[in-house]
Amino acid sequence: MNTARRIIVALDFDTVDDAQAIVDRLGDAGQSYKVGLELLTVAGPAFVARLVGEGKDVFLDLKLFEIPTSVAGAVRAAGRLGATMVTVHAMGGSTIMEAAVRAAADFPQLHVIALTVVTSLADTDLAAIGLSATIEEQVTRLARLAQRAGCHGVVASPQDAASLRAELGPDMLIVTPGVTLQAGINGTTSEHARPAHPTAAIRAGATHIVIGRSLTRAPDPAAVLAHLEDELGKLRAHS
Ligand code: C5P
């Protein structure tokens with residue numbers, strides 16, 4: 001896989017025009033995009049279909065947590081749209097993850113990626129919802145469950161990437177948000193608990209990084225992406 005496809009640009013925008021403007025500015029350098037619930041809700045599936053039509057990889061971040069039939073239906077819809085990744089909450093258990101994996105089997109390009117614990121949560125948040133495990137224990141437990149259910153990968157923070165790579169072996173995809181190029185760029189404050197640089201995430205074993213505001217809100221997003229591709233390319237050349 002080329003380096004560009006490993007860098008997933010999060011299109012966290014509330015208008016199609018703003019999202020399309022970034023896609024246009026990145027041009028051929030932008031190969032992979034994440035469309036989340038905000039943009040999908042305002043833009044609808046047509047925007048996703050257009051990206052796919054332009055040859056882009058689309059990570060449809062649906063964060064599915066539903067009854068198995070509904071999860072399977074949503075995964076099939078994502079597959080028909082041409083998405084390459086779709087997310088399902090591992091917290092929902094094996095049955096919904098297995099339903100998602102079975103539904104994705106008809107779409108060879110589609111990978112089911114399990115969310116473990118969202119990176120903004122702390123141990124106290126788990127206690128508040130009645131879980132006695134630490135974040136670390138819960139992440140490991142859910143990642144194992146996702147692998148046993150047949151998921152193709154997991155979403156993980158940069159801090160968890162190394163231990164999960166050791167835990168899950170070489171084949172699972174590890175998709176890592178919570179990366180930033182520099183804290184507080186353009187006045188955005190990151191709510192990531194502990195942001196890390198993308199190179200650190202890839203070194204730790206991530207196969208993909210998700211980068212949002214520190215790229216999309218930069219004065220010259222194309223220059224930031226080109227620099228990042230260059231850095232990650234060098235890293236892989238030396239590994
Ligand atoms: O912070 P940034 O704009 O780079 O976020 C990009 C993506 O990372 C978001 O779309 C969100 O899904 C994910 N994210 C996350 N945990 C956070 C913050 C963002 O998984 N604490």
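Just so it is clear, the model here is predicted, and its values are computed rather than measured. One-based numbering, in listed order, for ligands and for the atoms of each.
The neighbour count for E38 CD, taken as heavy atoms of other residues, nucleotides or ligands under 6.0 Å away, is above 12. For R141, the CZ atom sits in a loose shell: 12 or fewer heavy atoms of surrounding residues, nucleotides or ligands are nearer than 6.0 Å.
When the salt bridge (charged side-chain N to carboxylate O under 4.0 Å, His left out) test is applied to D230, the partners found at least two apart in sequence or on another chain are K234. Looking at residues two or more places apart in sequence or on another chain, you find no ring-ring contact (aromatic ring centres under 6.0 Å, His included) involving H208.
Listed by number with element, the atoms of ligand 1 under 4.0 Å from a non-hydrogen atom of G212 are 2 (P), 3 (O), 4 (O), 6 (C). In the vicinity of P177, heavy-atom distances shorter than 4.0 Å reach the ligand 1 atoms 8 (O), 13 (C), 20 (O). Set against the non-hydrogen atoms of S120, the atoms of ligand 1 under 4.0 Å away are 21 (N). Residue-ligand proximity, R213 to ligand 1, at heavy-atom distances under 4.0 Å covers atoms 1 (O), 2 (P), 3 (O), 4 (O).
Residue contact annotation: V118 has no non-hydrogen atom under 4.0 Å from ligand 1.
For atom 9 (C) of ligand 1, the nearest non-hydrogen atom from the set V35, D12, V9 belongs to D12.
A donor-acceptor pair shorter than 3.5 Å cannot be found between the side chains of T134 and D123.
For the pair S214 and ligand 1, the shortest N or O to N or O distance does not fall below 3.5 Å.
Of the possible polar contacts, none joining the K34 side chain to the D61 backbone as a donor-acceptor pair under 3.5 Å is found.
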